[in-house]
Enquirer: 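Before anything else, here's the structure in question.
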Amino acid sequence: MTAEMNIFRYFEDRVEAALKALEKEGALPAGLDTSRVAVEPPRDPSHGDLSTNAAMVLAKPANMKPRDLADRLAAKLAAEEAVTEVSVAGPGFINLRLNTGFWLARIPEMLRSGPAYGASELGAGEAVNVEYVSANPTGPMHVGHVRGAVFGDALANLLEKVGYRVCREYYINDAGGQIEVLARSVLLRYREARGEAIGAIPEGLYPGDYLKPVGQALAATHGGDLIEGNDEAEALRIAREAAVEAMMELIRGDLAVLGITHEVFFSELSLHRSGAIEETVKLLEDKGLIYVGVLEPPKGETPEDWEPRPQTLFRSTQFGDDADRALKKSDGSWTYFAPDIAYHHDKFRRGYRTLIDVWGADHSGYIKRVKAAVAAITDNGAEIDVKVCQMVRLFRNGEPVRMSKRAGDFVTLREVVDEVGKDAVRFMMLTRKNDAPLDFDFVKVKEQSRDNPVFYVQYAHARIHSVLRNAAEAGYDLSDGALANADLSKLGDEAELALLRLMAGFPRQVEQAAIAHEPHRIAFYLDDLAAAFHALWNKGKDDASLRFIREDDRDATLARLVLIRAAAYVVAAGLGILGVEPTEEMR
RNA sequence: GAUCCCGUAGCUCAACCGGAUAGAGCAACAGAUUUCUAAUCUGUCGGUUGCAGGUUCGAGUCCUGCCGGGAUCGCCA
């Protein structure tokens, strides 16, 4: 159930109706394809409130000149009750201007919806799986993971907002060589906990102190039996399980600090154990997509140890990949790719027809093969979109923060959040398109100025609440009922309407962002919205009659309080998608 | 060598899966505001959208080829 109107969708229907009427009059041929007809905000607001391309899109099939068709259509649209002005411009755009009453009528919708404003039924309850983070469980999360984590989470929120049923999922890489290294590292910490002098951590093992408690816990539960009572493989198995469990606990805690909770944690190891990999490979084999062959060496610099070798390969080239891909290593064990195919297969079998993977840029070379695999397994029965997040460059007051790969010298997620706060981190991570690199400056995200969008948007929200507090103190009744009954006809200044029009465009912005899988658009929208509010606020300084609270006019005051109450809801709704708490007071 | 991403105002970036005269912020310059809690607002300046072709009524957007930057490149994850 949607409480509010998507004005663009509404006018698409009106345009459609006008076209039908023209058809009936014989002015247009029957059966025109109107799927490309769109109603959009004009690029330049001075053109009007709404714009449609109908005449240009339909001119050719209707065998008419665009301008002629536009004139006919414009005449019809001029009869719409909400329309005050229609013009035909450029190559055949029809621009509409709507009356103030139409805009004002959107305000009660916003009040009713509150922070839920912008929700829609676009997704129609369809199940979507969003896999993100999926960091290797070998240690705490570091800053490199943060962007993907925030992006994936905001995207999930966004899709939920428009009516998809979203599963937030984390793929635990608990089966590979790095996990063996982790197990050995933990075993060493175990011996350390048993009182052995282990000296420096050998090269190739994880040196971090965060493994010490795992070793201590093993010592507490197993005493000396872990190594003495087991063969090495068994000891490693026990250490590995304890280590993965502990690391996932660590990671869950890190994610919680960012406000992120996954519904499903999916273990790679479980695919190895259940036979799911064999099953999926068999499926591909039955389709004739598996063979044993020798790959060409990569062009350019040939690796020194390269030698032709027969391998079990998947014919991903049949699905657009550049080379067929190995499923088995030379020792006969599975590559990373094989269980990953089984994993995506599993998602498909759980009913997901839209899969979204969020990866770091360093994995972009892997996209084609996964898309190929999904296409093969599902017979093109699923959509997969892989969203790649580019690097985050860390700065402190303009100076790059250098991180070496050496132990303990990376910046952890917790350090970042501890220093600047969850909300600032989340917002800042969404101020760039996912596939563009992002600069993150520890000092600038805390700056209270126009160039810091985190502050700027929060301040708009806080400013509104400040005004509302003052109004309440001055005796205004700000209850839902009182606001709902206010006489809004007192509104009408251009700055007020500019703000309102922007607010009313929010549902569409949300839908567009959701369709594009681009949550950053919400952050940009919020910056625009905040700008419109601050502009209005400042107008009250030039012209006292535009102040929100006017002692000489209680009706006008109440109408404005309603407007900004609604504006605060829209800000809160947008921030909600980003996973950021709206602030009611700046300190 | 191949693949993917990026290239837009001096700087940082938008541009709604092809629309109009390509928009914001910062910086610079000129103003307003001692406040409905200050950190805000208004205006001016600023462009051959890397280059060259192509498709289209229309291209920053799609296609081809170059140039430049980044990432990745048989068994890692």
Side-chain angles (χ1 to χ4, degrees), chain A residues 36 38 40-44 47 51 53 56-57 59-60 65-66 89-93 95 134 136 138 173 175-179 268 294-303 306-309 311 313 321-331 333-337 340 360-368 388 390-391 431-433 435-437 439 447-453 455-456 459 462-464 466-471 474 505 508-509 511-513 515-516 518 520-521 524-525 527-528 531 534-542 544 547-550 557 560 564 585-587:
Chain A
R36 287 178 60 217
E40 298 176 320
R43 186 163 280 186
D44 183 344
H47 291 141
S51 170
N53 62 354
M56 292 178 300
V57 171
K60 192 178 267 186
K65 287 183 184 166
F93 285 100
N95 295 319
S134 300
N136 289 339
T138 55
N173 300 134
Q178 293 183 16
I179 295 301
E268 179 190 354
V294 179
L295 287 175
E296 296 283 317
K299 297 283 193 313
E301 261 182 86
T302 306
W306 199 91
E307 53 181 276
R309 210 175 261 148
Q311 289 177 289
L313 300 168
D321 200 0
D322 312 298
D324 292 337
R325 303 296 177 178
L327 297 180
K328 280 187 176 176
K329 304 180 196 172
S330 53
D331 67 0
S333 64
W334 297 113
T335 62
Y336 180 79
F337 187 36
D340 206 19
D362 53 340
H363 287 64
S364 54
Y366 193 75
I367 295 174
K368 282 189 178 181
V388 164
Q390 281 289 345
M391 314 273 315
T431 54
R432 288 285 176 272
K433 205 160 39 175
D435 53 14
D439 292 346
E447 217 167 74
Q448 304 203 327
S449 76
R450 175 66 183 97
D451 18 339
N452 178 9
F455 161 77
Y456 189 69
Y459 183 44
R463 234 179 187 179
I464 291 171
S466 168
V467 173
L468 294 176
R469 282 192 297 272
N470 284 334
R508 182 172 188 275
Q509 286 287 341
E511 285 197 1
Q512 294 291 338
I515 289 167
E518 290 184 350
H520 77 275
R521 295 189 191 192
F524 280 94
Y525 169 83
D527 196 77
D528 288 345
H534 288 307
L536 180 57
W537 196 94
N538 262 77
K539 253 190 142 180
K541 287 192 297 193
D542 297 337
R547 290 163 79 95
F548 297 118
I549 298 173
R550 279 182 60 181
T557 298
R560 285 176 189 156
I564 64 173
E585 203 171 350
M586 306 301 290
R587 283 180 302 112

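Only heavy atoms go into these numbers, but all of them, side chains included; no hydrogens, no water, no symmetry mates. Each chain gets a letter, A, B and so on, in the order the sequences are listed, and its residues count up from 1. Being a predicted model, the structure only gives us computed values, none of them experimental.
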Enquirer: Among the candidates B:A15, B:A77, B:A32, find the nucleotide nearest to the side-chain atoms of A:Asp542.
Expert: B:A32
Enquirer: Choose from B:A14, B:G74, B:U40 the nucleotide whose nearest atom is closest to any side-chain atom of A:Gln311.
Expert: B:G74
Enquirer: Which is more 5' along RNA chain B, the nucleotide nearest A:Ala531 or the one nearest A:Ala513? Just name the residue.
Expert: A:Ala513
Enquirer: A:Gln178 CD to B:C76 P: how many Å, rounded?
Expert: 11 Å
Enquirer: Find the distance A:Glu268:CD to B:C76:P and express it as a whole number of Å.
Expert: 10 Å
Enquirer: OP1 or OP2 of B:A15 less than 4.0 angstrom from a side-chain nitrogen or oxygen of A:His520, does that happen here?
Expert: yes
Enquirer: Can you name the one residue among A:Ile464, A:Val467, A:Ile564 that meets side-chain contact (heavy atoms from CB on, under 4.5 Å) with A:Trp537?
Expert: A:Val467
Enquirer: Counting side-chain heavy atoms from CB outward, which of B:C5, B:C4, B:C76 is closest to A:Asp435?
Expert: B:C5
Enquirer: Name the closest nucleotide to the A:Asn538 side chain, picking from B:A15, B:A32, B:C76.
Expert: B:A32
Enquirer: Using a 4.0 Å heavy-atom cut-off, does A:Pro42 contact any base of the nucleic acid, only the sugar-phosphate backbone, or nothing at all?
Expert: base
Enquirer: Without decimals, in angstroms, what is the distance between A:Met56 CE and B:C57 C1'?
Expert: 9 Å
Enquirer: Regarding A:Asp321, tell me which of base, sugar-phosphate or nothing describes its non-hydrogen contacts under 4.0 Å with the strands shown.
Expert: nothing
Enquirer: Taking only Lys NZ, Arg NE, NH1 and NH2, and the carboxylate oxygens of Asp or Glu, determine whether A:Asp528 and A:Arg521 approach each other closer than 4.0 Å.
Expert: no
Enquirer: Could you tell me whether the side chain of A:Asp340 has a donor or acceptor atom within less than 3.5 Å of a complementary atom in the base of B:A77?
Expert: no
Enquirer: Looking across every strand, which nucleic acid part, if any, lies under 4.0 Å from A:Met586 by heavy atom: base, sugar-phosphate, or nothing?
Expert: base
Enquirer: Is a donor on one side and an acceptor on the other found under 3.5 Å between the side chain of A:Asp331 and the backbone of A:Ser333?
Expert: yes
Enquirer: Measuring to OP1 and OP2 of B:G31, would you say a side-chain N or O of A:Lys541 lies under 4.0 angstrom away?
Expert: no
Enquirer: Report the secondary structure of RNA chain B in dot-bracket form, marking unpaired bases with a dot and bases paired to a different strand with |, and treating Watson-Crick or G-U pairs with both distances under 3.5 Å as paired.
Expert: (((((((..((((.....[...)))).(((((.......))))).....(((((..]....))))))))))))....
Enquirer: Does A:Trp334 have A:Lys328 sitting over its ring (NZ/CZ under 6.0 Å from centre, angle to axis within 45°)?
Expert: yes
Enquirer: Rounding to an integer number of angstrom, what distance separates B:A59 and B:A20 when you compare their P atoms?
Expert: 10 Å
Enquirer: Would you say A:Met586 has more than 12 foreign heavy atoms packed within less than 6.0 Å of its CE?
Expert: yes
Enquirer: Write down the distance separating the C1' atoms in B:C26 and B:C41, rounded off to the nearest Å.
Expert: 16 Å
Enquirer: Atom OH of A:Tyr366 to atom C1' of B:C4: distance rounded to whole Å?
Expert: 16 Å
Enquirer: Suppose you measure atom P in B:C45 against the same atom in B:G10; what distance do you get, rounded to whole Å?
Expert: 15 Å
Enquirer: Between B:C76, B:C16, B:C41, which nucleotide has the shortest distance from any of its atoms to the side chain of A:Tyr456?
Expert: B:C41
Enquirer: Would you mind reading off the distance between A:Arg450 atom CZ and B:U12 atom C1', rounded to a whole angstrom?
Expert: 13 Å
Enquirer: Measure CG/A:Asn53 against C1'/B:C17 and give the value in whole Å, please.
Expert: 14 Å
Enquirer: Quick one: A:Asp451 CG to B:C11 P, roughly how many Å, whole number?
Expert: 17 Å
Enquirer: From the list B:C5, B:A77, B:U56, which nucleotide is the closest neighbour of the side chain of A:His363?
Expert: B:A77
Enquirer: Under 4.0 Å, counting only non-hydrogen atoms across every strand here, what does A:Ser51 touch: a base, just sugar-phosphate, or nothing?
Expert: base
Enquirer: Could you check whether A:Ser449 gets within reach of a base, just the sugar-phosphate, or nothing at all, counting any heavy atom under 4.0 Å?
Expert: sugar-phosphate
Enquirer: Nearest of B:C5, B:C17, B:A77 to any side-chain atom of A:Glu40?
Expert: B:C17
Enquirer: At under 4.0 Å between heavy atoms, what does A:Phe548 touch on the DNA or RNA strands: base, sugar-phosphate, or nothing?
Expert: base
Enquirer: Would you call the rings of A:Phe524 and A:His520 parallel, tilted or perpendicular, where under 30° means parallel and over 60° means perpendicular?
Expert: perpendicular
Enquirer: In whole Å, I'd like the distance from the NZ atom of A:Lys328 to the C1' atom of B:G74.
Expert: 17 Å
Enquirer: Measuring only the C1' atom in each nucleotide, how far is B:U61 from B:C6? A whole number of Å is fine.
Expert: 14 Å
Enquirer: Among B:C41, B:U12, B:A77, which is the nearest nucleotide to the side chain of A:Arg432?
Expert: B:U12
Enquirer: From the list B:G74, B:U33, B:C5, which nucleotide is the closest neighbour of the side chain of A:Leu295?
Expert: B:G74
Enquirer: Under 4.0 Å between any heavy atoms, over every strand shown, what does A:Arg463 touch: base, sugar-phosphate, or nothing? Just pick one.
Expert: sugar-phosphate
Enquirer: Please measure how far the C1' atom in B:U12 lies from the corresponding atom in B:U42, and state the result in whole Å.
Expert: 23 Å
Enquirer: Assign A:Pro437 to base, sugar-phosphate, or nothing according to its heavy-atom contacts below 4.0 angstrom with the strands shown.
Expert: sugar-phosphate
Enquirer: When the nearest nucleotide of RNA chain B is assigned to A:Phe337 and to A:Glu296 on a heavy-atom basis, which residue is associated with the more 5' position?
Expert: A:Glu296
Enquirer: Donor-acceptor pair, distance only, cut-off 3.5 Å: does the side chain of A:Thr335 make one with the backbone of A:Ala326?
Expert: yes
Enquirer: Within this structure, what is the NZ-CZ distance for the pair A:Lys539 and A:Phe548, rounded to the nearest 0.5 Å?
Expert: 11.0 Å
Enquirer: Tell me what A:Glu585 touches on the nucleic acid: a base, only sugar-phosphate, or nothing, going by heavy atoms under 4.0 Å.
Expert: base
Enquirer: Distance-only, no hydrogens or angles: does the A:Asn53 side chain make a donor-acceptor pair with backbone N or O of A:Ala38 under 3.5 Å?
Expert: yes
Enquirer: Relative to the ring of A:Phe337, is the ring of A:Tyr366 parallel (under 30°), tilted (30 to 60°) or perpendicular (over 60°)?
Expert: perpendicular
Enquirer: Indicate, with a heavy-atom threshold strictly under 4.0 Å, whether A:Gly540 touches base, sugar-phosphate, or nothing.
Expert: base
Enquirer: When all nucleic acid strands are considered with a 4.0 Å heavy-atom cut-off, which category describes A:Ala361: base, sugar-phosphate, or nothing?
Expert: sugar-phosphate
Enquirer: Choose from B:C16, B:A38, B:A15 the nucleotide whose nearest atom is closest to any side-chain atom of A:Tyr459.
Expert: B:A38
Enquirer: With a 4.0 Å cut-off on heavy atoms, is A:Lys368 in touch with a base, just the backbone sugar-phosphate, or nothing at all?
Expert: sugar-phosphate
Enquirer: With a 4.0 Å cut-off on heavy atoms, is A:Val467 in touch with a base, just the backbone sugar-phosphate, or nothing at all?
Expert: base
Enquirer: Under 4.0 Å, heavy atoms only, any strand: does A:Lys433 hit a base, just the sugar-phosphate, or nothing?
Expert: sugar-phosphate
Enquirer: Has A:His534 got a side-chain atom pairing as donor or acceptor with A:Tyr456's backbone, closer than 3.5 angstrom?
Expert: yes
